[in-house]
Colleague: 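There's a structure below that I have some questions on.
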Amino acid sequence: MVTQDQLKCYLGGNCVIDVDNRTNCKKCRLNKCLAVEGNRLSELMDAMNELKVYNKTNHSIKITKVVILRMVLDFNFDGNYWTVISNNKSYLVKLDLLKDDPINSDADDSPYCLHKIFLQNMGLDWDSDSLIIDLLTAIIHFNPNRPKLINRKLVECHQNIYIHLLQRYLQMKCRSELLSDVKYKRLMDNLFYLNILNH
C-alpha cells in the first residue's frame with residue numbers, strides 16, 4: 001500500500017488536474033481532492049445552519065455524537081487516554097476514569113465498555129487520518145433518520161454524498177477495493193456504538 005507521503009510529483013506539485021489528465025499525477029490528484037474536500041468540510045456547519053432542516057433539539061443531539069466522534073483525534077490508543085488542552089495546559093484523561101461511573105462498569109452496555117469498544121474499533125480503521133473523521137462527522141450531521149426534520153430528502157441526499165466521498169477516499173487510500181470495503185463497513189458499523197454512547 002502506498003501512503004500519501006510516498007507519492008511523488010515530478011513537476012513540483014504544479015500539475016493541472018482535470019478530466020483529461022487526472023490520472024497523470026496521483027500526488028497532485030490526491031492533494032486536489034483533499035483541498036476541495038477540506039474546504040467543503042470546513043463550510044459544513046455553516047451550510048447546515050442555512051439549510052433550515054434541523055430544529056433545535058436535533059441539533060443538540062447531533063453535536064453530542066460529533067463531540068464523541070471527534071474525541072478520537074485526541075485519544076492515545078497505546079496509553080488509553082485522551083489529551084485535553086485547557087488554559088494552555090495539557091491534561092491526560094484515562095479511559096479508566098469511566099469505570100467510576102455509577103452504572104455497573106463491567107456490564108457490556110456500561111459507558112466504559114461501550115467507549116472502549118468504540119475506540120478499539122476506530123483505532124483499527126481511522127489510521128490517524130483526520131479526513132476520515134471529518135467525513136464521518138458529515139455523515140453524522142446529515143442523518144435523515146432523526147425525528148422532526150423539515151426536509152428529510154435534502155438531508156438524506158447530503159448524507160449520501162458524504163458516504164460516497166468516504167468510500168472513494170478509502171478506495172484511493174487503500175488501493176484495494178476489498179480492503180477499502182472492509183474498512184468502510186467497519187467504520188460505518190462503529191457508528192452504531194456512537195449512537196448508543198449518545199444516549
Colleague: Could you give the distance from CG (L119) to CG (N80), rounded to the nearest 0.5 Å?
Modeller: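 Going from the CG atom of L119 to the CG atom of N80 covers 8.0 Å.
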Colleague: Is any side-chain heavy atom of M71 closer than 4.5 Å to one of V93?
Modeller: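 No - every pair of side-chain heavy atoms lies 4.5 Å or more apart.
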Colleague: Once rounded to the nearest 0.5 Å, what's the spacing between atom CD1 of I163 and atom CE of M188?
Modeller: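 Between I163 CD1 and M188 CE, I get 4.5 Å after rounding to 0.5 Å.
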Colleague: Test side-chain contact (heavy atoms from CB on, under 4.5 Å) on N143 and V155; report intermediate values, then the result.
Modeller: CA-CA 7 Å; N143 180 359; V155 172; 5.6 Å; no
Colleague: Please say which of I140, I133, I139 ends up in a side chain to side chain contact (heavy atoms under 4.5 Å, CB included) with T137.
Modeller: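 Between T137 and the candidates, side chain to side chain contact (heavy atoms under 4.5 Å, CB included) is satisfied uniquely by I133.
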Colleague: Taking the side chain as C-beta and beyond, is there a heavy-atom pair between F142 and I161 under 4.5 Å?
Modeller: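 No; the side chains remain at least 4.5 Å from each other.
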Colleague: CG of N190 to CG of L69: how many Å apart, nearest 0.5 Å?
Modeller: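 So the gap between those two atoms works out to 9.0 Å.
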Colleague: Measure the spacing between CG of D181 and SG of C174 and express it to the nearest 0.5 Å.
Modeller: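 Going from the CG atom of D181 to the SG atom of C174 covers 9.5 Å.
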Colleague: When you compare the side chain of L187 with that of L170, does any pair of heavy atoms fall below 4.5 Å?
Modeller: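 With C-beta onward as the side chain, the pair touches.
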Colleague: Can D96 and K116 be counted as an ion pair, charged N to O under 4.0 angstrom?
Modeller: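 Answer for the salt bridge query: no.
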Colleague: Could you give all pairs that pass the salt bridge (charged side-chain N to carboxylate O under 4.0 Å, His left out) test and reach residues 184-197, with sequence neighbours left out?
Modeller: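 Listed by first then second residue: D125-R186, K185-D189.
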Colleague: Do D134 and R70 make a side-chain contact, defined as non-hydrogen atoms from C-beta onward lying under 4.5 Å apart?
Modeller: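 Sidechains of R70 and D134: in contact.
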